[in-house]
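So you know, we letter chains A, B, ... as the sequences are listed, proteins then strands, and number each from 1. Keep in mind it's a predicted model, so treat the numbers as computed, not measured.
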Amino acid sequence: MMKYWLMKSEPDAFSIDHLKAMPRKTDHWDGIRNYQARNFMRDQMAKGDLAFFYHSNCETPGIVGIMEIVSKSAYPDHTAFDAKEKYFDPKSTPENPRWIMVDVKFKKKLKKTVTLQEIKAQKKLADMRLVQRGNRLSILPVSSSEWNFILKMAGEL
DNA sequence: GCCAACGTTGGC
DNA sequence: GCCAACGTTGGC
């Protein structure tokens with residue numbers, strides 16, 4: 001059963017246009033250093049799942065596009081092993097990796113960005129984890145009804 | 001840049 | 001195992 005996700009990235013660091021410009025429009029989603037987000041990737045994410053690409057910490061936060069999980073499973077995040085990397089974690093080693101990542105492929109940009117402001121204004125989306133108090137998780141599950149509702153808001157359905 | 005709301009760390 | 005101090009996220 002295909003599942004839906006929302007994955008946050010700061011567009012200054014890595015935007016949907018960066019993903020689109022990658023070879024085969026595919027990249028690994030590295031840098032996740034939160035256990036809950038990691039566990040979603042490890043335990044629930046599967047090849048073929050779809051995810052919203054969310055731009056966070058920017059002028060207009062919101063959902064800008066769709067990508068697909070294309071790695072068979074999550075696998076060790078090598079950026080945690082490298083002391084020169086921003087998200088280096090000495091407690092994660094190749095022998096015993098603490099952090100993992102998946103590969104994602106660009107599918108499309110939404111016809112219209114669905115902004116956080118618009119999402120917050122929708123009563124039907126009040127239960128989304130994205131808009132709940134203090135939620136800072138960078139990977140979140142999205143229900144199929146929420147997914148379809150947002151696609152409609154984007155003029156995609 | 002501010003700061004609320006987290007999550008993590010580490011002393012005890 | 002508690003909890004204060006600290007670090008981070010991310011909207012504004």
Side-chain angles (χ1 to χ4, degrees), chain A residues 3-22 27-45 49-67 69 71 74-104 106-143 145-147 149-156:
Chain A
K3 292 179 294 305
Y4 300 106
W5 303 95
L6 180 146
M7 297 165 79
K8 299 178 183 174
S9 182
E10 299 188 13
D12 287 346
F14 189 76
S15 74
I16 191 159
D17 289 322
H18 289 121
L19 180 60
K20 191 181 178 183
M22 295 299 289
D27 201 5
H28 40 251
W29 198 267
D30 61 67
I32 299 297
R33 299 291 181 269
N34 170 283
Y35 290 104
Q36 242 187 306
R38 179 199 70 179
N39 294 348
F40 280 138
M41 284 197 290
R42 185 188 62 192
D43 303 333
Q44 296 188 46
M45 232 178 224
D49 285 358
L50 296 178
F52 284 135
F53 197 123
Y54 179 89
H55 281 174
S56 68
N57 207 3
C58 57
E59 196 177 338
T60 309
I63 295 166
V64 294
I66 296 172
M67 54 193 170
I69 311 304
S71 56
Y75 60 97
D77 181 344
H78 57 79
T79 66
F81 308 147
D82 185 347
K84 294 193 292 293
E85 289 281 349
K86 182 181 175 193
Y87 294 110
F88 171 61
D89 181 354
K91 290 175 185 154
S92 187
T93 63
E95 295 73 31
N96 190 13
R98 175 179 292 198
W99 304 115
I100 55 177
M101 60 191 180
V102 295
D103 291 344
V104 295
F106 172 88
K107 294 284 282 184
K108 70 188 302 184
K109 275 199 199 180
L110 296 181
K111 287 178 185 160
K112 187 182 95 53
T113 294
V114 178
T115 67
L116 179 61
Q117 205 177 10
E118 289 166 344
I119 292 168
K120 282 181 168 172
Q122 291 291 343
K123 284 206 173 109
K124 282 196 174 177
L125 297 177
D127 288 336
M128 267 193 93
R129 298 188 61 157
L130 179 69
V131 296
Q132 276 158 33
R133 201 172 77 107
N135 196 340
R136 306 182 311 163
L137 269 184
S138 56
I139 297 181
L140 297 166
V142 174
S143 75
S145 58
E146 290 161 355
W147 180 272
F149 195 85
I150 288 166
L151 286 184
K152 279 181 200 154
M153 290 170 75
E156 297 281 350

Round to the nearest Å and state the distance from [X] atom [atom1] to [N] atom [atom2].
X: Glu10(A); N: dT9(C); atom1: CD; atom2: C1'; value: 8 Å
X: Lys91(A); N: dG7(C); atom1: NZ; atom2: P; value: 14 Å
X: Asp89(A); N: dG7(B); atom1: CG; atom2: C1'; value: 14 Å
X: Gln132(A); N: dG11(C); atom1: CD; atom2: C1'; value: 16 Å
X: Asn34(A); N: dG10(C); atom1: CG; atom2: C1'; value: 14 Å
X: Arg98(A); N: dG7(B); atom1: CZ; atom2: C1'; value: 13 Å
X: Leu137(A); N: dT9(C); atom1: CG; atom2: P; value: 12 Å
X: Leu130(A); N: dT9(C); atom1: CG; atom2: C1'; value: 13 Å

Would you please confirm or rule out a distance under 4.0 Å between OP1 or OP2 of dG10(C) and any side-chain N or O of Lys8(A)? yes
Taking 4.0 Å as the cut-off, does a side-chain nitrogen or oxygen of Tyr54(A) come that near to OP1 or OP2 on dG11(C)? yes
Taking the six-membered ring for Trp, are Trp99(A) and Tyr75(A) ring centroids under 6.0 Å apart?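 Between Trp99(A) and Tyr75(A), the centre distance exceeds or equals 6.0 Å.
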With distance as the sole criterion, do the side chain of Arg33(A) and the base of dT8(C) form a donor-acceptor contact below 3.5 Å? no
Taking for each residue the nucleotide of DNA chain B bearing the nearest heavy atom, is the 5' side occupied by Arg136(A) or by Asn57(A)?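 Per heavy-atom nearest nucleotide, the more 5' residue is Asn57(A).
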Can you tell me how the ring of Tyr4(A) sits relative to the ring of Trp147(A), calling it parallel under 30°, perpendicular over 60° and tilted otherwise? parallel
According to the interplanar angle, ranging from 0 to 90°, do the rings of His55(A) and Phe53(A) count as parallel (below 30°), tilted (30 to 60°) or perpendicular (above 60°)? perpendicular
Which part of the nucleic acid, if any, lies within reach of Arg133(A) when heavy atoms closer than 4.0 Å are counted: base, sugar-phosphate only, or nothing? sugar-phosphate
I'd like to check Lys3(A) versus Met45(A) (side-chain heavy atoms, cut-off strictly below 4.5 Å). Are they in contact?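 Not in contact.
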